[in-house]
Amino acid sequence: MNLFLKLLFRNRLAAMGAVVLGAILLLVLLTPFLPLQDPDVTATADRFKRPFTEGHLLGTDHLGRDLLSRLLHGTRLSLAIGIAAALIAATIGSAIGIIAGYFGGRTDNIIMRGVDMLMAFPYILLALAIVAALGPGLMNALIAVAAVNVPFFARNIRGITVGLAGREFIDAARLAGMGHGRIILTELLPNVLPVIVIAMSTTVGWMILETAGLSFLGLGSQPPQADLGSMLGEARSAMISHPHTSIVPGTMIFLIVMSINLLGDGVRDALDPRLRSGALSRPRATTLVERQGEIPEETDDLLAIKELETQFHVGNRIYRAVGGVSLAVKAGECLGVIGESGSGKSVTALSVMGLVASPPGVITGGAVRFQGEDLIGARYETLRQKRGDRVAYIFQDPLSTLHPLYRVGQQLAEAIQSHHKVSNAEARARAIRLLQDVRIPNAEARVDNYPHEMSGGMRQRVGIAMALANEPDVIIADEPTTALDVTVQAQILSLLDDLRRDRGLAIIFITHDFGVVAQLCDRVAVMYAGRIVEEGPTQAVLKAPAHPYTKRLIACVPELGGGRRALAAIPGLPPVVDNLPEGCAFAPRCDKAQENCRAGDVTLKGTAPRAVRCLYPEVAV
Amino acid sequence: MGGYIIKRLISAIPVLLGITIIVFLIMSLIPGDPATAILGSYATPENVEKLNRDLGLDKPMVQRYVIWLGNMLTGDLGRSFSLNRPVLDEILERFNATMILAGTAFVLCALLGILAGVVSAARQYGLGDKAITFVVLVGISVPSFFLGMMMILLFAVNLRWLPVSGMYAIYGGGDLPDLLKHLIMPALALAAVATGVIARLSRSAMLEVLRQDYIRTARAKGVPERRVIMGHALRAAMVSIIPVLGIQAGFVLSGAVYIEIVFQWPGVGRMLVDAILKRDLLLVQGGVVFVAACYVLFNIAVDVAQSLLDPRIKT
């Protein structure tokens with residue numbers, strides 16, 4: 001509750017709404033005690049006095065009545081009617097909703113059918129019909145507005161109740177022999193009440209507006225009694241000659257509705273945890289770059305990542321997802337990057353083309369050189385022209401990475417047409433050829449499928465076809481086989497391997513699976529807590545891992561027919577990268593760790609092509 | 001697709017029946033002798049007797065409903081006593097004007113609302129976003145009838161840019177430019193609140209979509225950012241925007257009642273209010289059923305649009 005209020009008032013607009021609404025409520029409560037003139041006493045000699053005339057702060061209306069007094073009394077009436085309507089609608093609607101949700105079955109079905117039908121009306125039409133039947137008048141307007149809002153409460157509260165009715169404590173109450181009435185009142189109602197209150201606070205503004213509207217039409221409060229709506233309605237005939245009589249009540253309605261809206265938005269934002277964490281931020285077209293320090297030199301590799309540092313800035317916390325990673329690939333080479341979830345391997349890959357979501361991502365150092373050209377901090381258009389054309393990505397989980405509303409053929413064609421001026425027919429023909437290249441049977445028909453009409457393996461092939469669309473020089477594959485079963489996985493791996501040999505493609509293959517690395521990669525880099533802890537030719541690393549972490553990681557791989565070897569899980573969890581320990585990040589989980597492992601920076605050492613970041617490696621490299 | 005439309009139309013039949021039942025039940029709330037109440041100041045003994053015969057008011061309720069429904073299905077909504085003409089004729093004549101007003105307002109609120117939401121999301125926390133958020137906040141808080149009055153004061157009375165009210169000029173009007181001149185203010189006033197609601201929703205729907213993996217895929221393909229926003233993101237966001245368009249259409253239709261009063265627009269809404277004040281209940285009853293039925297049909301069109309956009313919906 002405290003946190004909620006703090007969040008609410010940190011929202012300046014909501015606080016403003018609360019202040020305005022509070023002031024209006026206070027004025028309205030004090031109205032009977034203020035030295036005001038009688039709101040209904042007419043004085044035809046004083047008609048249409050302008051605001052700020054003596055004795056009449058806001059002037060007078062067409063019958064010479066004091067506008068300030070009428071405004072306060074009208075506001076009082078409007079608020080009272082609106083709140084009363086909200087209470088009535090909430091009570092009846094919630095009762096209906098609870099009954100429907102609690103009893104379920106046919107009761108629920110019949111009630112909700114009725115509710116649906118009421119909701120099929122444009123709301124004011126229903127209110128008009130009720131007022132027409134009952135006759136104009138403030139009480140009838142109140143009944144109409146309340147009745148029109150009953151379905152809203154019924155539906156919302158039913159939804160909540162259905163969720164609660166199946167829970168254990170309700171079953172327990174039933175087994176304890178409690179009657180339906182008691183269960184509803186003592187078990188259900190207390191749990192539903194907060195939702196009712198929130199629903200009421202979001203609709204009370206509407207109801208004030210709706211009753212004011214009916215009065216404006218002459219169907220609500222009848223003269224001489226006046227709420228804000230009928231004040232505005234009466235003033236309308238003199239609107240052109242004496243606009244202040246309209247502006248005064250109109251502004252008051254506006255202020256009330258706006259302050260309730262502001263407050264309601266604040267409440268909703270404070271209750272929505274997604275907004276609390278700031279997750280509803282839009283990622284920019286390229287990752288934010290705030291590079292400090294020197295920019296590393298050029299090398300002769302096709303793609304070289306040099307001393308890359310990528311961080312996530314969330315509130316005051318800084319997560320060092322990538323802490324100075326250097327990797328490089330040559331044409332036709334396959335480099336494996338391996339590590340547990342959260343080791344920074346995906347973030348490294350996404351940083352290459354500025355695809356790390358930012359906010360919160362920020363690239364704070366290093367360089368990514370493609371054919372010598374630095375891509376970090378490059379102009380958007382430079383990056384865009386290389387994305388998918390020279391450096392292409394294959395992502396994990398193709399169900400979420402393919403657009404659900406475009407046919408796969410369109411998505412493939414778009415990849416081509418973003419970089420080459422080709423006709424739609426030509427792009428489609430190429431899309432079919434690409435699908436054939438990744439061995440999708442019946443490609444001519446499949447090209448018109450939507451992603452949801454394909455199997456997981458098929459979708460993954462589409463993802464690969466998309467990466468191949470422009471015959472790129474480098475493919476960065478981020479766990480492309482993790483979501484697939486083993487046979488499909490093997491097919492996809494051999495497909496990638498063929499492509500590499502046929503087209504001279506460089507591949508950076510990110511995975512957490514040593515089996516895959518062994519099959520496909522020439523070299524491998526092992527990542528832990530955002531840094532490389534070991535690298536070298538695949539066979540050498542597999543045969544004689546130098547870092548204790550690598551060794552443990554390999555030991556985790558079950559071996560087929562390997563006998564009853566104990567599978568050694570690594571105890572503990574990888575460190576959270578906003579608070580890395582000093583020294584070796586693996587030390588807390590390492591059984592070889594010494595005192596000096598926990599102090600000072602451990603560097604990556606060894607004779608090329610092998611290197612290890614460990615003071616006490618398993619083997620010397 | 002044709003099959004889906006037919007299926008939706010069939011599923012609308014119980015809803016339409018429900019609407020007639022609800023209106024019938026509400027009308028039976030009328031206190032006292034219904035014929036006298038319906039006729040109001042026109043309750044001469046002959047009229048009362050004629051109405052009792054026409055509506056079968058002496059018969060039991062269920063039978064009365066069936067007769068009423070049968071009459072309605074054959075296009076007989078009864079006769080308006082205040083206007084002395086068939087209810088259906090009056091409604092059809094008025095409905096045209098309401099459709100011009102509400103239809104224009106709906107198109108305006110959909111276009112402006114979505115555009116504002118997209119710009120707001122694409123420039124999140126930028127100046128444009130803040131400006132739009134502020135305008136939207138004011139827009140959804142001003143009662144449409146007050147906004148309409150203020151617009152008349154400013155643009156018609158003070159600046160004299162646009163006519164004060166009505167649908168056509170009394171002398172020399174009647175052509176399209178004349179209609180448009182009369183339409184601008186009421187359509188904008190009517191669209192204001194819905195525009196705000198749609199803009200807000202579009203903004204949050206876009207922000208939600210822009211975080212999805214397939215947007216990253218589009219960017220990784222090198223799709224130009226403009227196309228990422230206006231194509232990939234907006235298309236996916238439309239899936240959650242379209243149902244709200246359907247709901248807002250109901251609010252626009254409702255709001256037309258106020259706007260027609262403020263701008264003296266000769267539509268169904270003004271007819272209904274006049275009819276209520278004159279206690280011409282057959283006119284009210286016919287008008288309510290007619291407009292509600294149109295709204296149900298419109299919502300079917302919304303569902304069809306949704307199924308065209310989203311292939312995952314089984315048609």
Side-chain angles (χ1 to χ4, degrees), chain A residues 113 116-118 120-125 128-134 136 209 212-213 216-219 232 236 239-240 243 246 250 253-254 257-258 261-262 280-283 285 353 355 357 380 384-389 392-393 395 397 400-405 414-415 418-419 450 452 466, chain B residues 15 18-19 22-23 26-27 29-30 121-122 124 137-138 140-143 145-146 149-150 152-153 157 204 207-208 210-214 216-225 228 232 235-236 250-251 253-254 257-258 261-262 272-273 276-277 281 284 288 291-292 295-296 309-312:
Chain A
R113 275 290 145 76
D116 284 346
M117 277 164 194
L118 282 173
F121 282 89
Y123 78 94
I124 203 181
L125 227 48
L128 286 181
I130 295 172
V131 173
L134 299 177
L209 195 56
F216 173 79
L217 297 174
L219 306 177
L232 194 58
R236 200 166 62 86
M239 177 184 80
I240 291 171
S246 308
I253 303 179
F254 168 67
V257 175
M258 181 150 94
N261 280 343
L262 284 173
L280 256 189
S281 286
R282 160 198 77 100
M353 283 286 140
L355 289 170
Y380 164 72
R384 187 196 72 75
Q385 282 173 6
K386 294 209 164 46
R387 285 176 177 179
D389 191 40
Y393 282 87
F395 295 109
D397 189 9
S400 67
T401 54
L402 292 176
H403 198 294
L405 306 181
E414 189 184 33
S418 293
H419 300 286
Y450 288 99
H452 73 278
M466 205 141 79
Chain B
V15 179
I19 283 173
I22 289 169
V23 172
I26 291 174
M27 287 304 158
L29 290 175
I30 302 170
Q124 195 189 13
L137 179 68
V138 173
I140 59 173
S141 304
V142 182
F145 40 93
F146 183 52
M149 288 167 71
M150 293 301 107
I152 292 177
L153 264 183
V157 178
S204 63
L207 287 178
E208 182 71 40
L210 280 168
R211 295 161 46 223
Q212 299 297 318
D213 288 347
Y214 50 79
R216 190 184 61 195
T217 308
R219 285 176 171 156
K221 278 198 292 193
V223 176
E225 188 63 12
V228 172
H232 291 248
R235 192 179 179 124
F251 282 92
L253 213 48
S254 299
V257 175
Y258 301 118
I261 296 278
V262 171
L272 282 176
V273 175
I276 293 173
L277 292 172
L281 293 178
V284 176
V288 169
V291 176
Y295 179 56
V296 169
L309 175 75
D310 190 343
R312 291 166 298 182

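A, B, ... follow the sequence lines: proteins, then strands. Residue 1 opens every chain.
- Only the backbone of B:A121 comes within contact range of chain A, judged by heavy atoms closer than 4.5 Å.
- For B:V262, the parts lying under 4.5 angstrom from a heavy atom of chain A are both the backbone and the side chain.
- Residues A:P122 and B:G250 approach most closely at CB-O, 3.7 Å, considering heavy atoms.
- Note that NE2 of A:H419 and NZ of B:K221 are 9.5 Å apart. Values are rounded to the nearest 0.5 Å.
- Of the two parts of A:L219, only the side chain, counted from C-beta on, holds a non-hydrogen atom closer than 4.5 Å to a non-hydrogen atom of chain B.
- B:V257 is listed as a side-chain neighbour of A:L217, based on a closest heavy-atom distance under 4.5 Å.
- Looking at A:A392, neither its backbone nor its side chain comes within 4.5 Å of chain B, counting heavy atoms on both sides.
- There is no contact between B:Q212 and chain A, counting heavy-atom distances below 4.5 Å.
- Heavy atoms closer than 4.5 Å to chain A are found in both the backbone and the side chain of B:I19.
- Rounded to the nearest 0.5 Å, atoms CZ (A:F395) and OG1 (B:T217) are 5.0 Å apart.
- Residues B:S141 and A:N261 bring a donor and an acceptor atom of their side chains to less than 3.5 Å of each other.
- When heavy atoms are compared at a cutoff of 4.5 Å, B:I22 approaches chain A solely by way of its side chain, counted from C-beta outward.
- Contact annotation for B:I152: only side-chain heavy atoms (C-beta onward) come within less than 4.5 Å of a heavy atom of chain A.
- In terms of the ring-ring contact (aromatic ring centres under 6.0 Å, His included) criterion, B:F146 has no residue partners (sequence neighbours excluded).
- Take B:F145 and apply the ring-ring contact (aromatic ring centres under 6.0 Å, His included) test, not counting sequence neighbours, and it matches A:F216, B:Y258.
- In this structure, the portion of B:V284 lying under 4.5 Å from any heavy atom of chain A is its side chain and not its backbone.
- Contact count against chain A (heavy-atom pairs under 4.5 Å) is highest for B:I261 among B:V15, B:V273, B:V23, B:I261.
- Using a 4.5 Å cut-off between heavy atoms, B:V157 contacts chain A through its side chain alone, with no backbone atom that close.
- For A:A129, the parts lying near chain B are the backbone and the side chain together; criterion is any non-hydrogen pair under 4.5 Å.
- Between B:R312 and A:Y450, every side-chain heavy-atom pair lies at or beyond the 4.5 Å cut-off.
- Expressed to the nearest 0.5 Å, how far CG of B:L272 lies from CD1 of A:I124 amounts to 9.5 Å.
- Separating the CG atom in A:L125 from the CG atom in B:L253 is a distance of 7.0 Å, to the nearest 0.5 Å.
- For chain B, no part of A:M353 is nearby; none of its heavy atoms comes within less than 4.5 Å.
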